[in-house]
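This report concerns only the one structure given below.
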Amino acid sequence: RSLCDWSSDVCSSDLIPRTKTQAEYVLGDLTKRFPKAVYAAVNVEISDDEAIKRMKRRGRADDLNEETVRRRLKIYAQETMPVLDLFERR
C-alpha cells in the first residue's frame, strides 16, 4: 500500500521488498526521490520448525503441506534474506 504524491516529496508506504532487485530500487531510486525518508527493515527470526508450526495453524491449504512450506522457506532464504544485507549496509 502506498500513499504518494508524486508531484511533491511526500510518500508513505508499507512497501516490503522481497527480492534484492526490489530492495535496490527502494534504496536507490526512491531514496533519490525522497531523500528525507526513513528506510528500515525489521527481521524477526524463528526456526524453520516454528515457522512451519505457525503456518499450519493459519489454515491456508498450501500451508498444510510441510514439503511446500519448506520449499517456500528455502526460497525466502535465497531471495529475501539478501535484502536484509542491503539494509544493513545502508
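Nothing fancy with the numbering, it's 1 onward along the sequence.
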By side chain to side chain contact (heavy atoms under 4.5 Å, CB included), Arg54 pairs with (sequence neighbours left out) Ile46, Glu50, Arg57
The side chain to side chain contact (heavy atoms under 4.5 Å, CB included) partners of Arg72 (sequence neighbours excluded) come to Met55, Arg58, Arg60, Asp62, Asp63, Thr68
Could you report the tightest heavy-atom contact between [X] and [Y], atom names first, then the distance?
{"X": "Lys56", "Y": "Leu64", "value": "O-CD2, 3.8 Å"}
{"X": "Glu45", "Y": "Asn43", "value": "CG-ND2, 3.3 Å"}
{"X": "Ala77", "Y": "Pro82", "value": "O-CD, 3.7 Å"}

Rounding to 0.5 Å, atoms CG (Asp85) and NZ (Lys20) come to a distance of 8.5 Å
Output for pair (Tyr76 OH, Asp48 CG), nearest 0.5 Å, gives 10.5 Å
*Leu73/Ile52 under side chain to side chain contact (heavy atoms under 4.5 Å, CB included): CA gap, chis, key distance, verdict*: CA-CA 9 Å; Leu73 290 171; Ile52 290 166; 4.0 Å; yes
key: Student check: side-chain heavy atoms of Arg18 and Val83 closer than 4.5 Å   = no
*asked:* Asp49 vs Arg70, test: salt bridge (Lys or Arg N to Asp or Glu O under 4.0 Å). Steps then yes/no.
replied: CA-CA 9 Å; Asp49 290 336; Arg70 288 197 182 277; 3.0 Å; yes
